[in-house]
Amino acid sequence: MIIHYLGTISADDLPAAFIRFFADSVSVGFPSPAGDYLDSPIDLNKYLIKNNVATFLVRVSGQSMIDANIADQAILIVDRSLKPKHGSIVVASLDGDFVCKRLQLKPRLCLLPENPAYEPIYIQHGQELDIMGTVTAAINQFK
Amino acid sequence: MNLLALVDCDNFYASCERVFRPDLKKIPIVVLSNNDGCVIARSKEAKSMGIGMGVPWFKIKRAYLAQGGRVFSSNFALYGDLSNRVMHVLSGMSQSMEIYSIDEAFLGLHHLQDPRDAYAFGIHCRSTVHQWVGVPVRIGIAPTKTLAKVASHIAKKRNGGTGVACLHTAGQIKRALRDIPAHEVWGVGRQLSSQLNELGVISAFDLSEVDISLIRKKFSVVLERTVRELRGEPCLEIQEKNAPKKQIIVSRSFKTRINNQEELKPLISNFAARAAEKLRNEKQKCSKVSVLIATSPFEKTSQYRGFASFQFSTPTNDTRSILLGATKALNDSFKGNYIYAKAGVLLSSFSCQEVEQQSLFQDMRDGLLLQPSAELMQCIDLLNQEQQQIYFASQHPESFARVQTKMMSPRYTTNWHELPTAS
């Protein structure tokens, strides 16, 4: 047999991932059959929040959005980076208070409740409406 | 030409108080220091009422409230979270960034091909931060850090403007420097300015024209750098890695005055324990703990400031050692017959946690024989993070209840029970 000297290799030359390969096979016994399927556990934060630096949580008080499946005490996920559109559910400040309503841009600027017991809020001339952000999800807790 | 931007949040703490209080939009706001001692932040409206920075709250309280001003105790949970958000937005806009303080950051603008795009970048940056986080920022853009500070100053002064100022041509820089007194230049200050006045240096432009060798001879290398930077030569680079802290201070002014050591001790122990927690958070150990106690300069009683330190022979981050050291330092700094209004604990002489320097004497002297326990400290920190307050016998347990004064706003972004509500 002829042996060719190719060079030396030190542990520092190996990529970090290489180490893990060895770490698995050292243990005595049958290796875990799941070892090759390294999925991370499901992360609700990732699922619900797309842009975390621009996302704020707001608690709902009242039933005015119940038909949009937003119950009293639900937690709203509000993304400030999304431009609110006609039909978006938004959190807006109206005369200094936060409200959660569906935004109507046409035919007339208006905040619509999702409950027939509540009146639509038409924005009067000279009234200030600041949209804080777009509601991307609501969490209703049952227990 | 490489440009950089200084992004500076306008009246940061006061602006944070407005993010979830749209009703306070044009109302004057001041924020007070810990225990509501003095004013540490003012909204634009409060400034124009003549409220000075650092004035004791009790002096202005009556007149300020009578004029419809609003006041808040400082809410660092909120300010810290909003600051992190601002810094995250900014970090996505540039490849190099230095977080300079809770409300300021430098951004490298190497990615801009043409300096004429800088202004548009500034506008975009400002509106994104405002849209995403809700706090206003102003932006100064220039070839050096010192000039970016000047530009930011201009962005602030142009009231009602865009909040962005850009200095990239020689003409723009010259005009800007003529309008600014030398002592307002970053790193100059009033003390130097009287010496500079003798040389005939009045404006920032005068300063930029002084002969470099004269500056080096009469002043310092630091001022030489400032002069070069004013001329557009970058001397201060963007430092991306945050240098590890060199010291940790926990200090408070007291609600009620204290004149005896027995009452002071549990408070000093609180500060020491909190400082030790911060130290472990920084992954550091300290060799020195110091205690500062002081009377109130606003009262006509006899004045005293006491300061004493205790040196450990082996660096430590064990709360128990730090408590013992602080108690000894308090013994050494305390003098009777004074009415104390403020105290603090300072940790210094840091070394990294990994570097273990075993001392032959292991703090055996003074009864400090103690086996440090990293596990115990880790356990205490974890429990305290989950709001289970674990404390040492020498501490003052009552003062742990978060002092939710009437004047503190909710922790809107960091506490489930204090979220903003919408109806």
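Scope of the values below: all heavy atoms of this structure, side chains included, with no hydrogens, waters or symmetry mates. In what follows, chains are A, B, ... by sequence order, proteins preceding strands, each numbered from 1.
Aromatic pair B:Y412/A:F56: ring centres not closer than 6.0 Å.
Of the two parts of B:V19, the backbone and the side chain both hold a non-hydrogen atom closer than 4.5 Å to a non-hydrogen atom of chain A. Contacts of B:L24 with chain A are absent, with no heavy-atom separation under 4.5 Å from either backbone or side chain. Heavy atoms closer than 4.5 Å to chain B are found in the side chain of A:E128, but not in its backbone. Of the two parts of A:K83, neither the backbone nor the side chain holds a non-hydrogen atom closer than 4.5 Å to a non-hydrogen atom of chain B. Interface residue B:T413: only side-chain heavy atoms are found under 4.5 Å from chain A. At a 4.5 Å heavy-atom cutoff, the contact between B:H130 and chain A is made by backbone atoms alone. With a threshold of 4.5 angstrom between heavy atoms, A:S81 approaches chain B through its backbone and through its side chain. At a 4.5 Å heavy-atom cutoff, the contact between A:N52 and chain B is made by backbone atoms alone.
Ranked by heavy-atom pairs under 4.5 Å with chain B, the list A:D97, A:N51, A:D72, A:L76 is led by A:N51. Chosen from A:S64, A:C100, A:G62, A:S93, the residue pairing most often with chain B at heavy-atom distances under 4.5 Å is A:C100. When the candidates B:D23, B:D81, B:T128, B:N84 are compared by the number of heavy-atom contacts under 4.5 Å with chain A, B:D23 comes out ahead.
Applying the 6.0 Å contact sphere to CD of A:Q73 captures more than 12 heavy atoms from other residues, nucleotides or ligands. Other residues, nucleotides and ligands place more than 12 heavy atoms under 6.0 Å from the NZ atom of B:K47. Residue A:H86 qualifies as enclosed at atom NE2: its count of foreign heavy atoms under 6.0 Å is above 12. For CZ of B:R62, the number of neighbouring non-hydrogen atoms (other residues, nucleotides, ligands) closer than 6.0 Å is 12 at most. Remark: B:E237 CD is loosely packed, at most 12 non-hydrogen atoms of other residues, nucleotides or ligands lying under 6.0 Å away. The environment of NE2 in B:H111 is crowded: more than 12 heavy-atom neighbours from other residues, nucleotides or ligands sit within 6.0 Å.
Contact annotation: the side chain of A:D130 never approaches that of B:P22 to less than 4.5 Å [non-hydrogen atoms, C-beta and beyond]. Here the side chains of A:D79 and B:W132 are not in contact, with every heavy-atom distance at 4.5 Å or above.
The two residues B:P420 and A:L57 have their closest heavy-atom pair at CD-O, 3.4 Å. When all heavy atoms of A:M132 and B:F20 are compared, the pair lying nearest together is CE-CE2, 3.7 Å. Scanning all heavy atoms of the two residues, the minimum distance from A:V58 to B:T421 falls at CG1-C, 4.0 Å.
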A:I75/B:L419 under side-chain contact (heavy atoms from CB on, under 4.5 Å): CA gap, chis, key distance, verdict: CA-CA 9 Å; A:I75 304 265; B:L419 298 179; 3.5 Å; yes
A:L82 and B:Q131: CA distance, side-chain angles, deciding distance, side-chain contact (heavy atoms from CB on, under 4.5 Å) verdict: CA-CA 9 Å; A:L82 299 176; B:Q131 177 67 55; over 6 Å; no
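Judged by distance alone, with hydrogens and angles left aside, the side-chain atoms of B:R85 form a donor-acceptor pair with the main-chain N or O of A:T55 at under 3.5 Å. A donor-acceptor pair under 3.5 Å is formed between the side chain of A:K101 and the backbone N or O of B:S423.
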